[in-house]
Each structure stands twice: as structure tokens, then as C-alpha cells.
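Read through the structure below, which is laid out as C-alpha cells, and then see the notes.
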Amino acid sequence: IAVGLGPNRRSDMTEPARRRADLQGAAASAAPVLACPKNPNPQNPSVLKKRADFLAASRARRQASRAFVLQARKRGLDDTSPQDALRIGYTCSKKVGNAVARNRAKRRLRAAAQAVLACHAQPGWDYVLVGRRDETAAIEFAQLCDDLRAALGKIHAPRPQKPQSA
């Protein structure tokens with residue numbers, strides 16, 4: 001009898017072996033994406049750590065995807081960080097699962113962000129990736145990267161001007 005095995009657990013591997021296989025699969029599928037012709041010298045994004053930065057991003061633009069929600073905001077001149085810096089934050093609520101599930105989801109979001117942001121993010125923006133229950137950890141890594149590319153494209157698409165009433 002397999003005790004404690006849920007629907008998404010593979011009984012043929014131990015937990016560390018599953019993690020290694022997941023990370024190796026993520027690294028293998030992310031390897032070709034890291035080279036970006038638009039930005040040959042990508043900078044490493046700094047990580048958001050202050051609650052105020054997360055709250056500011058949550059009040060700005062957002063784009064939902066199957067596996068995550070992308071929140072993004074263009075920083076103003078009053079911010080203390082450099083204007084050309086790229087900053088990113090990752091969060092998963094307790095709805096995603098226990099600490100192991102939340103950390104796994106955040107690891108996958110970090111790997112996808114590392115693969116995609118070098119080419120598709122814009123300097124001077126803060127991004128927050130919010131993990132979703134059952135989806136962030138279960139979706140194929142290539143699909144996760146494609147969803148992040150699509151979400152960034154929609155976030156940075158030009159917004160139509162609202163007609164002003166007279």
C-alpha cells in the first residue's frame with residue numbers, strides 16, 4: 001500500500017530524486033531560451049523583499065495565466081532603486097499547499113523568470129509572479145515559459161487611449 005501518495009506524486013522515485021529530475025528537466029528545456037539576441041548582456045534582476053514593493057505591484061497592471069498571475073508596475077522617479085534596474089518578486093500563498101509545495105512552485109517560477117526575463121522584460125519595471133494552486137508545480141516547464149512570454153507581451157502592449165468626455 002502506498003501511504004501518502006497523492007494524485008501528482010510518482011511512487012517510482014524518492015522525493016530528492018523527483019526534485020532533481022524536475023530541476024534537470026527545467027534546466028534542459030530552459031537552456032536554449034537563455035540566449036537573447038535583443039539583449040546579449042542581460043543583467044541579473046534584483047529580488048523584491050519589502051512588503052511595500054509587493055503591494056505597489058499588486059495595485060498596478062496584472063495579467064493572469066493558467067499557472068500564475070503576473071503583476072507589473074513601472075517604477076517612478078521617487079523610487080530609490082536605479083531606474084534601469086529590473087526587479088522581480090515571487091509569492092505563493094498557503095492556498096498553494098504546504099511549505100514544500102510553495103517552495104517548489106517558487107523554484108519553478110524563478111527558473112522560468114531566469115529563462116524569459118532576460119529577453120522580454122523591460123528595465124525600470126517591477127514584476128511579481130504569484131503562484132497558483134495545483135497548476136504552477138504541475139504544468140510543463142516549456143508551457144510555463146510560454147505563458148510568461150505571453151503575459152509579458154500583454155503587460156507591455158500599448159494601451160488604447162480612453163476617449164475623454166466633453
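As the structure is a prediction and not an experimental result, all values here were calculated from the model.
The side-chain hydrogen bond (donor to acceptor under 3.5 Å, both in side chains) check on T91 picks up nothing, with sequence neighbours excluded. Residues forming a side chain to side chain contact (heavy atoms under 4.5 Å, CB included) with A72 (at least two apart in sequence, or on another chain): W125, Y127, I155. Take N103 and apply the side-chain hydrogen bond (donor to acceptor under 3.5 Å, both in side chains) test, not counting sequence neighbours, and it matches no residue. When the ring pair (Phe, Tyr, Trp, His ring centres under 6.0 Å) test is applied to F68, no partner is found at least two apart in sequence or on another chain. Every salt bridge (Lys or Arg N to Asp or Glu O under 4.0 Å) that R66 has, sequence neighbours left out, goes to E135. The side chain to side chain contact (heavy atoms under 4.5 Å, CB included) search around Q143 returns I139, E140, D147, not counting sequence neighbours.
Side-chain contact between V116 and C145: present, with at least one pair of heavy atoms (C-beta onward) separated by less than 4.5 Å. The side-chain heavy atoms of R73 and R61, taken from C-beta on, include no pair separated by under 4.5 Å. Residues L152 and L148 form a side-chain contact, since some pair of their non-hydrogen atoms from C-beta on lies under 4.5 Å apart. The side-chain heavy atoms of L129 and I88, taken from C-beta on, include a pair separated by under 4.5 Å. Contact of the R75 side chain with the R87 side chain is registered, since non-hydrogen atoms from C-beta on lie closer than 4.5 Å.
Within the structure, salt bridge (Lys or Arg N to Asp or Glu O under 4.0 Å) contacts touching residues 109-119 (residues at least two apart or in different chains) do not occur.
Here the closest non-hydrogen pair linking A113 and Y90 is CB-OH, 3.6 Å. Between A64 and R132 the shortest heavy-atom distance is CB-NH2, 3.6 Å. Annotation for L86 and A121: closest pair CD1-CB, 3.7 Å, computed over non-hydrogen atoms.
With salt bridges taken as basic N to acidic carboxylate O contacts below 4.0 Å, one links R149 and D146.
Within the 3.5 Å criterion, the main-chain N or O of T136 finds a donor-acceptor partner in the side chain of R108.
In the hydrophobic clustering (ILVMFWY side chains linked at under 4.5 Å, chained through shared members), V69 is joined by L48, F54, V128, V130. Side-chain contacts under 4.5 Å among hydrophobic residues (ILVMFWY), followed directly or transitively, place V96 with no other residue at all. Grouping Ile, Leu, Val, Met, Phe, Trp and Tyr residues whose side-chain heavy atoms lie under 4.5 Å apart, directly or via other members, leaves L55 alone, with no other cluster members.
Separation of atoms NZ (K154) and CD (Q63) is listed at 5.0 Å; rounding is to 0.5 Å.
Around atom CZ of R62, more than 12 heavy atoms belonging to other residues, nucleotides or ligands sit under 6.0 Å away.
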